[in-house]
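Numbered from 1 within each chain, the chains take letters A, B, ... in sequence-line order. Values below: every heavy atom of this structure, side chains too, minus hydrogens, waters and symmetry copies.
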Protein chains: 2
Amino acid sequence: MKNSHHSIAAIERDTGLSKDVLRKWEQRYGFPAPLRDAQGERIYPEEQLQRLRLIRRLVDRGRRPGAVVPLSAPELEAMLADVAPAPESTLALETVDAVMACLKGHDGVTLQGQLDRALMKVGLQLFVVDFVAPLNVLIGEAWLRGDIEIAEEHLYTEQVQNVLRSAIARQTSTGGSPRVLLTTFPDELHALGLLMVEALLATEGATCTSLGTQTPVDDIARLAAGGQIDIVALSFSGAYPVRHAVDGIRRLRDALPPSVELWCGGAGLLGRRPSIAAVEHLESVEACLGALQAWHRAHPTT
Amino acid sequence: MKNSHHSIAAIERDTGLSKDVLRKWEQRYGFPAPLRDAQGERIYPEEQLQRLRLIRRLVDRGRRPGAVVPLSAPELEAMLADVAPAPESTLALETVDAVMACLKGHDGVTLQGQLDRALMKVGLQLFVVDFVAPLNVLIGEAWLRGDIEIAEEHLYTEQVQNVLRSAIARQTSTGGSPRVLLTTFPDELHALGLLMVEALLATEGATCTSLGTQTPVDDIARLAAGGQIDIVALSFSGAYPVRHAVDGIRRLRDALPPSVELWCGGAGLLGRRPSIAAVEHLESVEACLGALQAWHRAHPTT
DNA sequence: TTCTCCTGTTTGTCCTGGACAAAGGCGTGT
DNA sequence: ACACGCCTTTGTCCAGGACAAACAGGAGAA
């Protein structure tokens with residue numbers, strides 16, 4: 001794995017940086033500096049992929065590419081430590097350690113047991129807001145640092161999905177309002193944010209219809225325009241190109257009936273101004289609860 | 001809105017055709033033929049976007065671009081109309097109708113209720129083998145024919161996932177053998193086959209560790225080599241390039257300890273000879289039950 | 001007949017190097 | 001302090017060319 005190499009398309013997919021941007025950075029700043037294969041195509045070593053991921057996070061937080069692309073990995077990490085103060089907030093250290101131990105031991109069964117126990121202890125809402133959400137951040141950062149492997153991150157995601165889906169299935173009751181359609185745009189693969197929102201909304205009695213990931217814009221619009229939907233909720237992970245997101249959101253907003261609300265959230269939009277009219281921008285998972293209350297105030301039950 | 005114009009990036013996002021492909025088609029087939037703005041950038045009228053969407057559907061179904069890109073919209077629609085008619089299956093017609101009705105009505109809650117009821121009636125194994133598996137085929141074909149939309153297919157997949165995951169969670173017990181690692185290669189997004197296998201194995205007492213989709217070969221190998229795994233099971237959907245699959249399987253087989261079995265299945269390998277030594281090729285979902293018995297015979301409990 | 005192998009064509013992805021507009025930063029004048 | 005205009009940075013787009021993988025169709029073998 002240390003020696004694995006990646007094509008430019010793979011780097012685009014993994015970092016969210018377009019091929020054009022990758023070539024331009026190489027030309028302008030001398031980094032990334034991929035090897036070339038026999039046909040002259042770029043081959044990126046793993047190490048450069050990881051450095052690009054660090055750069056991406058800093059750029060997302062407002063640093064300018066010219067100022068961070070040439071920096072070395074340690075310099076980038078130091079800078080990230082500045083920008084992102086340790087968010088050790090609500091989680092007990094022992095809990096984190098226990099989860100990490102399961103991951104390193106590749107013990108999915110035990111991990112799921114722990115998640116289940118945590119869920120039973122505090123209930124679904126607090127479980128999502130105070131447990132899963134911060135844990136996701138920690139896992140993401142550990143992966144960025146190379147502390148855990150891809151397979152281990154997958155294992156975590158899978159178990160959380162299991163627990164959340166089971167919990168949601170237990171909550172579901174028919175006919176509650178509002179009716180919410182949840183999905184992501186094409187090229188966005190992360191389903192966890194969607195599930196967390198679905199869990200929160202389900203506990204509040206909303207009727208959630210999740211399409212999973214990767215639904216084309218006009219399919220979303222067509223389904224929502226069918227008249228069965230009050231709110232469309234979209235999730236964007238950190239790797240999703242902001243420009244695509246904004247563009248797609250705008251297009252979807254135009255295609256949607258004005259009566260249908262549009263909620264957007266996820267790390268991919270963090271720190272961005274809520275620049276689009278008539279679109280609810282959720283800064284965190286729990287923000288959807290506030291938005292839901294607002295919806296209920298605006299739509300009193302007859 | 002009908003007369004809106006689109007940049008090449010918007011077309012890429014809405015059709016899934018990359019910028020390079022759009023330019024090449026224009027150069028080779030004379031379509032799309034976008035207008036140009038003051039800076040010479042391509043501006044696609046709405047009408048061409050819709051024609052591109054029709055083309056995309058035909059290409060997805062196996063037509064070659066050279067044969068469909070130059071056709072007019074009416075010709076494309078006529079061509080979409082004539083596709084293979086529905087085949088027979090073992091499923092009760094009323095069951096299929098009921099499921100289809102839920103999909104067309106975008107009613108995920110009712111659909112999940114039906115799936116749950118079917119599961120309760122016949123048990124997890126029969127549910128997977130005689131219900132979900134043939135239904136998957138039917139849904140896939142209906143989509144191919146254009147009878148259902150992408151969003152509706154997503155809805156189906158999502159509900160089946162919910163039901164299966166809940167059922168698996170109920171089955172799970174610790175420590176059973178063998179210990180099976182389930183996942184797919186990168187670029188393979190379909191998780192349903194994995195879940196079906198996991199469900200069958202779980203009912204037989206095996207300890208399943210699913211990594212979900214898209215785990216790199218080296219990560220699979222490293223995790224399996226950790227000594228906690230007896231069997232690695234991979235799934236390939238129909239869209240997966242056979243060559244990549246065979247190549248990856250070979251690399252993984254080489255990287256795996258000989259004591260670890262490797263099982264491969266899914267529509268992507270159907271009809272292929274079991275050409276790779278020391279790899280179990282599963283022709284259908286239920287084949288994993290036979291493979292499991294064979295494993296138990298080869299590894300008597302001490 | 002049916003199957004397999006081979007060959008020419010089709011097709012998607014990648015390359016280079018250049019152009020330009022939108023957005024960001026900065027200094028000046030009010 | 002704030003507003004305005006200028007310069008720099010940055011992302012996206014363009015053209016035209018190269019190449020390997022996938023495919024189709026024909027020749028030859030079973």
key: Side-chain donor-acceptor contact under 3.5 Å, B:His6 with B:Glu46   = yes

ask   = Rounded to whole angstroms, how far apart are CD on A:Glu26 and C1' on D:dT12?
value = 17 Å

note = Taking D:dC13, D:dT12, D:dA24 as options, the one with an atom nearest any side-chain atom of B:Lys19 is D:dC13

query = Once you round it to whole Å, what is the distance between C1' of D:dA15 and CD of B:Glu41?
reply = 13 Å

ask   = Start at the 5' end of DNA chain C and walk down; is the nucleotide closest to B:Pro65 or to A:Ile8 reached first?
value = B:Pro65

ask   = Do A:Leu182 and A:Leu211 pass the side-chain contact (heavy atoms from CB on, under 4.5 Å) test, and can you show the C-alpha distance, the side-chain angles, and the key distance before you say yes or no?
value = CA-CA 6 Å; A:Leu182 300 111; A:Leu211 299 181; over 6 Å; no

note = To the nearest 10 degrees, the angle between the two end axes of the helix from C:dT1-D:dA30 to C:dT30-D:dA1 (five pairs per end) comes to 30°

Between protein and nucleotides 17-20 of chain C, what N or O pairs are separated by less than 3.5 Å?
residue	atom	partner	partner atom	Å
C:dG18	O6	A:Lys24	NZ	3.1

message = Apply side-chain contact (heavy atoms from CB on, under 4.5 Å) to residues A:Thr15 and A:Glu12 and explain how you reach the verdict.
response = CA-CA 5 Å; A:Thr15 64; A:Glu12 177 181 39; 5.6 Å; no

request  = Give the rounded distance in Å between these two atoms: CH2 of B:Trp25 and P of C:dT13.
outcome  = 10 Å

message = Walk me through whether B:Glu77 and B:Leu54 qualify under side-chain contact (heavy atoms from CB on, under 4.5 Å).
response = CA-CA 7 Å; B:Glu77 290 186 22; B:Leu54 291 173; 3.8 Å; yes

Between C:dT11 (P) and B:Leu58 (CG): distance, integer Å = 14 Å

query = Does the side chain of A:Trp263 come under 3.5 Å of the side chain of A:Glu261 through a donor N or O and an acceptor N or O?
reply = yes

query = If you check every side-chain atom of A:Arg42, which of C:dT13, C:dT16, D:dT12 has the closest atom?
reply = C:dT16

task = Begin from the C-alpha positions of B:Val197 and B:Val285 and carry the test side-chain contact (heavy atoms from CB on, under 4.5 Å) through to its verdict.
result = CA-CA 6 Å; B:Val197 171; B:Val285 223; 4.2 Å; yes

query = Between C:dC15 atom P and A:Ile11 atom CD1, what is the distance in whole Å?
reply = 12 Å

message = How close do B:Arg253 and B:Val260 get, counting heavy atoms only, and between which atoms?
response = NH2-O, 2.8 Å

inquiry  = Any side-chain to backbone donor/acceptor pair from A:Thr215 onto A:Phe185? Under 3.5 Å, distance only.
reply    = no

inquiry  = C:dT10, OP1 or OP2 - any side-chain N/O from B:Tyr29 closer than 4.0 Å?
reply    = no

key: B:Asp37 CG to D:dT12 P, straight-line distance once rounded to whole Å   = 16 Å

task = Identify the heavy atoms of A:Arg57 and A:Leu80 that sit nearest to each other, and give their distance.
result = CB-CD2, 4.1 Å

key: Under-4.0 Å side-chain N/O to phosphate OP1/OP2 contact, A:Ser18 with D:dT12   = yes

Distance in angstrom units between A:Arg23 CZ and D:dG11 P, rounded = 15 Å

Distance, rounded to the nearest Å, where B:Glu12 contributes CD and D:dT12 contributes C1' = 11 Å

